[in-house]
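The structure presented is a predicted model; accordingly, all values stated were derived computationally and were not measured.
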Amino acid sequence: MKFSEYFLPTLKETPSDAKLASHKLMLQAGMIRKVTAGVYDYLPMGFKVLKKVEEVVREEMNRAGCQEVKLPIIQPADLWRESRRWDDYGDEMFKLSDRKDQEFALGPTHEEIITDMVRNELSSYKDLPLTLYQINDKYRDEIRPRHGVMRSREFLMKDAYSFHGSQESLEETYRDLYDAYARVFDRLGLDWYAVDAPSGLMGGSYSQEFIAVADEGGEEIAVCDECGYAANVDIAAYKPSEDEAQVELKELEEVETPGKETVAAVADYLDVPGQKIVKTFIYSTDDGYLAALVGGNDELEETKLSSHLGRSDLEMVSTESEIEQVTGANFGSIGPIGLDIPIYADADIKAMKNFIVGANRNGYHLKNVNWERDLEDAKFTDLRRVQEGDRCPRCGDELDFYRGIEVGQIFQLGEKYSRALDAHYQDEDGQLKPYLMGCYGIGISRVIPAIIQQNYDEDGVKWTEAVQPFDVGIIVLDDEGSDVFEYGSYLYDELSDRGYDPLFDDRDESPGVKFNDADLIGLPVMIIIGPRGMKNGELEVEFRAGGKETVKIDGVPRGEVADRIGDLLNR
Ligand code: ATP
Ligand code: MG
């Protein structure tokens with residue numbers, strides 16, 4: 001490609017409205033332009049990189065035995081009503097209607113559509129298993145679209161769906177696709193972890209996310225380097241503390257804590273560490289209230305509570321009037337003792353003795369509370385968020401915490417969609433059974449900012465090999481018609497003929513502009529030909545990753561120079 005002819009509008013100034021380096025650089029390098037919030041144009045170089053990511057994903061999906069299809073973006077509401085997700089999906093779904101007032105969604109995901117497609121076709125166990133995938137746009141009306149194509153409202157996803165006659169078959173495909181994902185993210189050059197994840201809106205029993213490590217990422221993960229345990233912190237488990245050594249159980253005592261409404265204030269007033277206090281949260285459910293308890297310095301993880309109880313109707317009581325009606329006190333003084341509701345306590349505080357809780361009387365707390373004596377009906381389970389210093393639930397080694405970007409997620413869905421949509425097959429004994437399903441997504445658009453977030457410097461992008469938009473840049477520091485330009489032009493043709501993808505910077509621009517653009521767009525190698533070099537009989541080869549070489553051209557046949565450059569590109 002000749003730069004002078006390429007639609008590559010690089011910007012001199014850093015865009016001020018972008019926060020993340022990847023967003024800034026994609027705008028600055030002329031890859032994307034914003035149309036409206038969360039909706040972007042891809043310009044030729046941005047689109048070229050997108051296609052490269054897409055191709056790596058496609059190759060690995062095909063290699064894993066998946067078959068490519070293309071499903072509609074416009075999806076009838078009735079299908080979503082069948083799965084009961086028309087309402088459940090909420091405001092993230094773009095909804096529209098046609099001239100006859102029929103309702104539709106712009107597909108945020110395709111479980112309904114694909115299950116509808118196969119339910120009439122896969123009628124026998126002999127048709128299973130089957131895995132289909134597509135690479136297609138998705139539409140989600142994100143509350144906060146941000147960071148450019150990292151979280152946009154229209155984005156490209158690879159989504160695959162598998163259909164099975166047994167749990168073993170589902171697990172086998174799930175493992176195969178896990179391996180395919182590992183190959184995809186390795187080939188793309190990402191530094192990534194696969195972590196246990198909540199299933200969220202997709203539902204199902206088991207799920208893992210693929211997280212590209214990045215300090216600015218929106219996900220937080222806990223990882224054990226010793227045994228390989230890895231989980232999203234929303235569900236990560238920990239090894240509970242050992243029982244406190246033999247401690248004498250003291251007498252329960254009500255103490256005044258006037259106006260002390262927070263853990264810190266109560267701890268300070270009673271002169272105890274915050275962790276000596278147990279916090280109480282009250283939840284309402286369709287079947288009444290319940291209490292959840294965690295340590296004073298801990299954070300209750302609602303995802304854990306709802307998955308432990310297997311219910312999605314939990315709502316934390318958050319108004320003064322309701323909390324008073326349930327406990328008889330205001331928020332600052334609530335506690336578990338004397339409440340006639342189920343009590344769930346975090347497993348880590350089971351070891352505590354003589355601790356403090358609210359007294360359910362305004363301005364009072366209870367001291368020297370003990371489980372066996374005062375709260376014998378409390379049930380213990382993992383309820384709090386993991387934190388720095390926690391130990392691995394499997395091996396007890398210390399957990400490490402990282403931030404990252406979710407680039408993919410895989411789910412064992414089970415029968416959720418096949419049951420809802422009446423999608424059955426006939427097993428060996430002639431019995432009708434719902435298929436077991438899996439689904440598997442990769443955020444193709446999001447992979448690009450993830451790669452950049454891991455590979456950039458103050459000058460611009462440093463692409464990984466699999467997605468670099470060009471193999472090499474040829475920078476000529478003289479005008480058209482000069483020997484310098486002519487030599488560059490020759491090398492451009494020669495390298496193109498040899499199968500490389502060079503960008504020839506033939507623009508009438510200063511060397512400074514050309515070098516800046518080369519670094520900004522991330523040319524992995526620059527061949528620099530200038531009048532001085534020409535006179536000395538040499539050209540310079542500079543690597544984006546660092547390092548330089550000088551190639552002699554004086555008295556060397558041009559073909560040999562091209563060979564030498566080819567060697568440098570292949571090394
Ligand atoms: P997130 O939690 O980031 O909103 P998700 O869990 O809702 O994502 P999935 O339904 O698992 O997303 O979709 C599969 C993949 O699509 C995600 O792993 C992510 O890489 C990508 N993705 C999801 N939402 C967006 C978005 N708004 N913009 C770009 N990529 C996205
Ligand atoms: Mg996800």
Once you measure the plane-to-plane angle for Y181 and F210, does it fall in the parallel (<30°), tilted (30-60°) or perpendicular (>60°) bin?
tilted

Heavy-atom closest pair (T464 atom, G189 atom, distance to 0.1 Å) is CG2-O, 3.9 Å

Please give me the minimum heavy-atom distance between A466 and R187, naming the atom from each residue.
CB-O, 3.1 Å

Quick one: is the NZ or CZ of R119 closer than 6.0 Å to the six-membered ring centre of Y425, and within 45° of its axis?
no

Mind running side-chain contact (heavy atoms from CB on, under 4.5 Å) on E103 and W80 for me, showing each step along the way?
CA-CA 10 Å; E103 289 180 295; W80 286 81; over 6 Å; no

Side-chain polar contacts of residues 378-390 - donor-acceptor pairs under 3.5 angstrom, sequence neighbours left out - could you list them?
residue: T381; atom: OG1; partner: H308; partner atom: ND1; Å: 3.1
residue: D382; atom: OD1; partner: K304; partner atom: NZ; Å: 2.9
residue: D382; atom: OD2; partner: K304; partner atom: NZ; Å: 3.3
residue: R384; atom: NE; partner: D348; partner atom: OD2; Å: 3.4
residue: R384; atom: NH1; partner: D390; partner atom: OD2; Å: 2.8
residue: R384; atom: NH2; partner: D348; partner atom: OD2; Å: 2.8
residue: R384; atom: NH2; partner: D390; partner atom: OD1; Å: 3.0
residue: R385; atom: NH1; partner: D234; partner atom: OD1; Å: 3.2
residue: R385; atom: NH1; partner: E301; partner atom: OE1; Å: 2.8
residue: Q387; atom: NE2; partner: D298; partner atom: OD1; Å: 3.2
residue: D390; atom: OD2; partner: Q387; partner atom: N; Å: 2.7

Quick one: are Q412 and E171 in side-chain contact, heavy atoms under 4.5 Å?
yes

For G295 and K279, the nearest pair of non-hydrogen atoms, with its separation, is O-CE, 3.3 Å

Set out, in order, the CA-CA distance, both residues' side-chain angles and the distance that settles side-chain contact (heavy atoms from CB on, under 4.5 Å) for D78 and W86, then state yes or no.
CA-CA 8 Å; D78 286 348; W86 182 250; over 6 Å; no

Under the criterion salt bridge (charged side-chain N to carboxylate O under 4.0 Å, His left out), I'd like the reasoning laid out for R151 against E142: C-alpha separation, chi angles, the key distance, then a yes or no.
CA-CA 8 Å; R151 182 175 298 285; E142 299 275 355; 3.2 Å; yes

For a side chain to side chain donor-acceptor pair (under 3.5 Å) check, start with the C-alpha distance between H110 and Q75, then their side-chain angles and the critical distance, and finish with the verdict.
CA-CA 9 Å; H110 281 74; Q75 310 187 354; 3.0 Å; yes

Do other residues, nucleotides or ligands put more than 12 heavy atoms under 6.0 Å from the NZ atom of K350?
no

T303 to P198 - nearest heavy-atom pair and separation
CG2-CB, 4.0 Å

What are the two closest heavy atoms between A18 and L27, and how far apart are they?
CB-CD1, 4.2 Å

Listed by chain and number, what are the ring pair (Phe, Tyr, Trp, His ring centres under 6.0 Å) partners of Y402, not counting sequence neighbours?
Y193

For the CG atom of D286 and the CG atom of L314, what is their distance to the nearest 0.5 Å?
9.5 Å

Backbone N/O of D459 and side chain of D457: donor-acceptor pair under 3.5 Å
yes

Where do R403 and D215 land on the salt bridge (charged side-chain N to carboxylate O under 4.0 Å, His left out) test, with the steps shown first?
CA-CA 5 Å; R403 296 200 72 88; D215 290 341; over 6 Å; no

Does the pair E111 and L413 meet the rule for a side-chain contact (heavy atoms from CB on, under 4.5 Å), with working shown?
CA-CA 10 Å; E111 285 78 15; L413 295 172; 4.2 Å; yes

Checking side chain to side chain donor-acceptor pair (under 3.5 Å) for the pair S207/Q409: CA distance, chi angles, key distance, verdict?
CA-CA 7 Å; S207 175; Q409 186 165 11; 2.8 Å; yes

Are P108 and Y89 side-chain neighbours, meaning at least one heavy-atom pair lies under 4.5 Å?
yes

With sequence neighbours excluded, what pairs up with W463 under the ring pair (Phe, Tyr, Trp, His ring centres under 6.0 Å) test?
none

Go through the steps to decide whether N232 and E219 satisfy the test side chain to side chain donor-acceptor pair (under 3.5 Å), and finish with yes or no.
CA-CA 7 Å; N232 189 309; E219 306 293 327; 3.2 Å; yes

Flag if over 12 foreign heavy atoms under 6.0 Å of CG, L96
yes

Q453 CD to S22 OG distance, which is reported to the nearest 0.5 Å:
3.5 Å

For the residue pair L188 and V467, establish whether any side-chain heavy-atom pair is separated by less than 4.5 Å.
yes

Kindly say whether A37 contributes a backbone atom to a donor-acceptor pair with the side chain of R153 at under 3.5 angstrom?
yes

Measuring from M437:CE to T115:OG1, what's the distance to the nearest 0.5 Å?
3.5 Å

Side chains of L520 and L25, heavy atoms from C-beta outward: is any pair under 4.5 Å?
yes

Above 12 or not: heavy atoms from other molecules or residues under 6.0 Å from CD of Q167?
yes

Measure across P393 and A237 and return the closest heavy-atom pair with its distance rounded to 0.1 Å.
CD-O, 3.5 Å

L71 side, atom CG; D116 side, atom CG - distance, nearest 0.5 Å:
10.5 Å

I need the H147 NE2 to R446 CZ distance, nearest 0.5 Å.
10.0 Å

Heavy-atom count check: over 12 atoms from other residues, nucleotides or ligands less than 6.0 Å from L432 CG?
yes

Do you know which of Y125, Y417, Y161, F163 makes ring pair (Phe, Tyr, Trp, His ring centres under 6.0 Å) with Y435?
F163

Where do M31 and F47 land on the side-chain contact (heavy atoms from CB on, under 4.5 Å) test, with the steps shown first?
CA-CA 7 Å; M31 297 177 72; F47 191 52; over 6 Å; no

Going from CD1 on I442 to CG on D159, what distance comes out if it is rounded to the nearest 0.5 angstrom?
10.5 Å

Parallel under 30°, tilted from 30 to 60°, perpendicular over 60°: which one fits the rings of H23 and Y40?
perpendicular

How are the rings of F470 and Y6 set to each other: parallel, tilted or perpendicular (split at 30° and 60°)?
perpendicular

